[in-house]
Amino acid sequence: MSDPVKFDPAALSEPVAAVLLGAGLGTRMKSDRPKVLQPLAGRPMILYVLDAVAPLEAERRVVVVGPEMAESVGAAVAPAEIAVQRERLGTADAVKAAREALRDFGRGTLFVLFGDTPFIRPETLADMAATREGGAAVVVLGFEAEDPTGYGRLITDETGALIRIVEHRDASEAERAVRLCNSGVMALDAARAWALIERIDNQNAKGEYYLTDVVGLARAEGLSCAAIRASEDELLGVDSKVDLADAEARWQRARRLHAMAEEGAVLSDPASVWFSWDTILDRDVTVGQNVVFGPGVRVEAGASIKPFSHLEGCVVKAGAEVGPYARLRPGADIGEGARIGNFVEVKNATLAPGAKANHLTYLGDAAVGEGANIGAGTITCNYDGYLKHRTIIGPKAFIGSNTALVAPVEIGAGAVVGAGSTVTQDVPADALTVARGAQTTVAGGGKRLAERKSAEKAARKKGE
Ligand code: UD1
Ligand code: MG
């Protein structure tokens with residue numbers, strides 16, 4: 001969704017590699033799924049961090065995980081590589097786990113990012129890389145925290161140069177008063193990084209190897225370090241299900257604005273529309289209240305999605321109308337100017353231009369021809385309990401209400417199926433077919449029945 005990136009990666013002259021840390025247990029998430037795979041807008045959050053790195057054209061991308069997550073995270077982030085941190089000994093140790101994978105990356109900018117900060121922007125990373133290329137051995141991304149408790153603090157001198165980072169637990173009262181916090185994102189001079197990181201020890205309150213110590217070590221060698229600032233919003237970390245919901249809400253807000261401002265869609269009640277990471281809306285699409293876009297939806301120009309519709313894995317072509325209360329499932333392809341009305345479900349089915357299914361219908365594993373009309377209550381019986389079968393409905397065919405089309409079955413072009421039919425055999429083009437019990441009418445029979453029944457009832461009452 002993100003807007004076109006406003007920097008030129010060619011402006012950076014040195015190669016880039018990125019290490020994404022994600023071996024933390026994520027205990028507060030209370031989940032069986034690794035934290036970095038928790039979904040944001042239907043997609044693992046670590047992929048947003050990889051997206052932010054992408055415009056920098058990183059030569060190498062290595063994701064550090066614990067042994068038990070190597071498989072699942074590896075599959076999600078491929079083709080980025082995986083490095084396994086055997087024991088969680090701290091952020092510096094986690095970076096060291098990636099060293100082997102980066103053995104031939106000896107020059108340029110080595111980024112360290114966290115897998116749980118999905119809103120980091122490529123422009124910020126580009127700024128950091130440019131500052132690094134300008135001569136800093138270490139560039140740290142900081143932010144002014146509303147509540148700095150728990151964060152590492154960036155200690156700067158009177159010129160603003162970064163001197164060291166102190167973790168909250170190890171900080172003095174005066175240091176804790178500093179509002180500028182460490183986000184955890186760093187850009188290191190790859191030629192010097194490993195020598196510095198190897199010297200980090202675990203003599204601190206947590207007994208961990210802190211990557212943040214790299215700043216003090218670099219300064220002691222006379223190397224310069226710099227801090228770049230970003231907003232707290234951009235550096236939002238996701239640690240719990242509550243944070244996850246908050247991140248989702250922020251993402252959705254931004255996505256709705258993008259739909260209106262960039263895509264040119266009309267949202268009647270933006271706050272009630274729910275997007276997925278890959279939703280695409282063209283110009284002048286209108287979206288009513290309470291519409292949910294699951295993954296894989298494209299809606300073309302001028303189409304209208306009416307209130308309370310749920311779409312997933314489908315395409316709605318130009319000028320088509322969907323809903324209210326429609327459900328489009330994966331493989332639904334709604335042709336130009338076609339109409340899907342209330343309580344209609346479509347799965348793995350194409351509707352050619354101008355086809356209509358306006359009420360109470362299920363179309364599954366079907367192809368509906370141009371201008372065909374599907375009456376209320378039509379069901380494609382696509383599943384026999386073992387296998388799925390296709391229904392083909394020709395152009396301009398007319399399917400009467402409450403028809404069951406028992407697949408595999410084909411209705412020819414222009415054919416008419418009488419209401420209430422259960423169609424088990426193909427219907428040729430232009431034929432009329434009716435497949436229901438014949439209607440029998442007995443003159444005066446209704447009145448005679450009423451008289452007989454009332455007499456029966458009266459006799460029974462008398463005997464009680
Ligand atoms: C870290 C920073 C702190 C900063 C804060 C920002 C250090 C020492 N401290 O603290 O200055 O303000 O982030 O949120 O770096 N991880 C591993 N392996 C480990 C330990 C951590 O992969 O052994 C990963 C975690 O999955 C996480 C990231 O590193 O993505 C940060 O770890 P975390 O334990 O959250 O560090 P903080 O204590 O929050
Ligand atoms: Mg943390």
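As the structure lists them, so they are numbered: ligands from 1, and atoms in each ligand from 1. The figures here come from the full heavy-atom set of this structure, side chains too, leaving out hydrogens, waters and symmetry mates. All of these numbers come straight from a predicted model, not from anything done at the bench.
- Taking the charged nitrogens against the carboxylate oxygens, Arg192 and Asp189 do have a contact shorter than 4.0 Å, which makes a salt bridge.
- Checked for salt-bridge contact, Arg199 and Glu221 meet the test: a charged N lies under 4.0 Å from a carboxylate O.
- Under the 6.0 Å distance and 45° angle rule, Arg43 counts as a cation-pi partner of Tyr48.
- Taking the ring axis of Phe105 as reference, the NZ or CZ atom of Arg60 does not stay both within 45° of it and closer than 6.0 Å to the ring centre.
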- Message: Working note: Arg329 + Glu345, criterion salt bridge (charged side-chain N to carboxylate O under 4.0 Å, His left out); need CA distance, chi angles, decisive distance, verdict.
- Response: CA-CA 7 Å; Arg329 291 173 51 204; Glu345 174 178 341; 2.6 Å; yes
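- With a 4.0 Å cut-off on non-hydrogen atoms, Ser183 touches ligand 1 through its backbone and not its side chain.
- In Lys206, the part holding a heavy atom less than 4.0 Å from any atom of ligand 1 is the side chain.
- Between the side chain of Asp278 and the main chain of Gly296, a donor-acceptor pair closer than 3.5 Å is present.
- Interface atoms of ligand 1 facing Ala23, defined by a heavy-atom separation under 4.0 Å, are 17 (C), 18 (N), 22 (O), 26 (O).
- Considering backbone and side-chain N/O of Gly90, one or more are found under 3.5 Å from N/O of ligand 1.
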- Begin from the C-alpha positions of Thr286 and Ser268 and carry the test side chain to side chain contact (heavy atoms under 4.5 Å, CB included) through to its verdict. CA-CA 8 Å; Thr286 62; Ser268 330; over 6 Å; no
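- Less than 4.0 angstrom separates some heavy atom of Gly152 from each of these atoms of ligand 1: 3 (C), 4 (C), 11 (O), 12 (O).
- Of the N or O atoms in Leu21, one or more lie within a sub-3.5 Å distance of an N or O in ligand 1.
- The closest donor-acceptor contact from the side chain of Glu232 to the backbone of Glu146 lies under 3.5 Å.
- With Val95, Ile200, Thr117, Asn182 as candidates, the residue nearest to atom 5 (C) of ligand 1 on a non-hydrogen basis is Asn182.
- Distances between N or O atoms of Thr91 and those of ligand 1 include at least one value under 3.5 Å.
- Heavy atoms of Thr212 come nearer than 4.0 angstrom to ligand 1 in at least one pair.
- Below 3.5 Å of separation, one finds no N or O of Ile165 facing any N or O of ligand 1.
- Close approach of ligand 1 to Tyr210 is summarised as follows: ligand atoms under 4.0 Å from at least one heavy atom of the residue are 8 (C).
- For atom 35 (O) of ligand 1, the nearest protein heavy atom lies 4.0 Å or farther away.
- Not a single N or O atom of Ala94, backbone or side chain, sits closer than 3.5 Å to an N or O atom of ligand 1.
- For Tyr325, the OH atom counts as loosely surrounded, since its 6.0 Å shell holds 12 or fewer non-hydrogen atoms of other residues, nucleotides or ligands.
- Ligand 1 lies less than 4.0 angstrom from a heavy atom belonging to Leu89.
- Between Glu144 and Arg229 there is a salt bridge, since at least one side-chain N of the basic residue sits less than 4.0 Å from a carboxylate O of the acidic one.
- Checked against a 3.5 angstrom limit, the closest N/O atoms of Gly150 and ligand 1 fall outside it.
- The ligand atoms of ligand 1 that sit less than 4.0 angstrom from a heavy atom of Gly22 are 22 (O), 26 (O).
- Residue Glu87 has no N or O atom closer than 3.5 Å to an N or O atom of ligand 1.
- Around atom 19 (C) of ligand 1, the closest heavy atom drawn from Lys35, Gln85, His168, Glu208 belongs to Gln85.
- Proximity of atom 39 (O) of ligand 1 to the protein is not indicated, since no non-hydrogen protein atom lies closer than 4.0 angstrom.
- Under the 4.0 Å criterion applied to side-chain N and carboxylate O atoms, Lys35 and Asp239 are assigned as salt-bridge partners.
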